[in-house]
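Residue numbers count from 1 along this sequence.
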Amino acid sequence: MNQRAEEAVLSASPEVPAPAEEAKNPLLAALGERVRNLRARRGLTRKAVALAADVSERHLANLEYGIGNASILVLQQVATALQCSLAELVGDVTTISPEWLLIRELLENRSEADLRRARVALGELLGTAAGDPARHRRIALIGLRGAGKSTLGQMLADDLDVPFIELSREIEKIAGCSVREIHDLYGTNAYRRYERRALEETVQIYSEVVIATPGGIVSDPATFNQLLAHCTTVWLQAAPEEHMGRVAAQGDTRPMAASKEAMDDLRRILSGRAAFYSKADLSVDTGGQDLAQSFARLRGAVREAMAQAD
């Protein structure tokens, strides 16, 4: 979750409650589910999307619950607010050409493992995932805020005697302002461009490094592909309650302001991103562990992976 999105979730005011149950058109119900999933994946509250799309929060709530008879112009505004194409919002983009249809047919009903092999092979074929000999020596930590990326990342870098990079700080250096100001002044799309540039420059500069990434880095497929291609990725996992508790323990009391709504948002964000986080090379569960135990798990997993790659 990037800093701006985290703040939106952790200090969110209560969202518009679910409308009373009504008979739902299947098309509108499917559309509402896609809107909710896209919003969760990007770590945005309903209020934030409504403001960006210039529609009422009630209108957006109706759309998400499958009872909003939205016009094409409103859908375009919502798609823009969610940083996706209208085609992605309303349906399957893989229907736009015969080649897309043929590729989709080959991939339909394949397992996640088969799809991963196809993605890697396609990247190699197109030259976007050329073998990087330093990949196993660049360790990138991914996961939500409160997973311990900064603390454990610094400890791991010290243990491996390599530099430690907080990608959020590199983004701010490139932009010349804070992450909050990037979002406020230039918008989420600009933030994503700075994020990708910061990653590209970090990979170019360092052949050995530990990187703590923003939680929302998985929301941009191009940037996430770069991360997977050039770094050994580690997903630091924890339950939503632990994420929230750790943030509060760091002195951020905003989660208590609207705890139920904030927790609901956090659960949805984690659910929406879990499938992307799971693409990491390694997964370390820090749930129920103190700092020393979490670091021991992380250190052991990383050192074993590095030894196997050498």
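Among residues at least two apart or in separate chains, salt bridge (Lys or Arg N to Asp or Glu O under 4.0 Å) pairs with a member in residues 212-224 are Arg196-Asp220. Pairs passing the salt bridge (Lys or Arg N to Asp or Glu O under 4.0 Å) check and including a residue from residues 70-84, sequence neighbours excluded, do not occur.
With sequence neighbours excluded, the residues satisfying side-chain contact (heavy atoms from CB on, under 4.5 Å) with Glu304 are Gln308. Shown here are the salt bridge (Lys or Arg N to Asp or Glu O under 4.0 Å) partners of Glu33, two or more places apart in sequence or in another chain: Arg36. Applying the side-chain contact (heavy atoms from CB on, under 4.5 Å) test to Asn189 and every residue at least two apart in sequence or in another chain returns Gln83, Arg193. By the side-chain contact (heavy atoms from CB on, under 4.5 Å) test, Arg138 is found to be paired with Asp132, Ala134, Val203, Val209, His230, Cys231, residues two or more places apart in sequence or in another chain being considered. Residues forming a salt bridge (Lys or Arg N to Asp or Glu O under 4.0 Å) with Arg303 (at least two apart in sequence, or on another chain): Asp159. Considering only residues two or more places apart in sequence or on other chains, Arg110 meets the salt bridge (Lys or Arg N to Asp or Glu O under 4.0 Å) condition with none of them. For the salt bridge (Lys or Arg N to Asp or Glu O under 4.0 Å) test, no residue two or more places apart in sequence or in another chain qualifies with Glu166. Evaluation of the side-chain contact (heavy atoms from CB on, under 4.5 Å) rule for Ala280 yields Ile142, Thr233, Trp235 as partners, not counting sequence neighbours.
The hydrophobic cluster containing Leu51, built from Ile/Leu/Val/Met/Phe/Trp/Tyr side-chain heavy atoms closer than 4.5 Å, comprises no other residue. Other cluster members for Ile103: Leu107, Leu115, joined by side-chain heavy-atom distances under 4.5 Å among Ile, Leu, Val, Met, Phe, Trp and Tyr.
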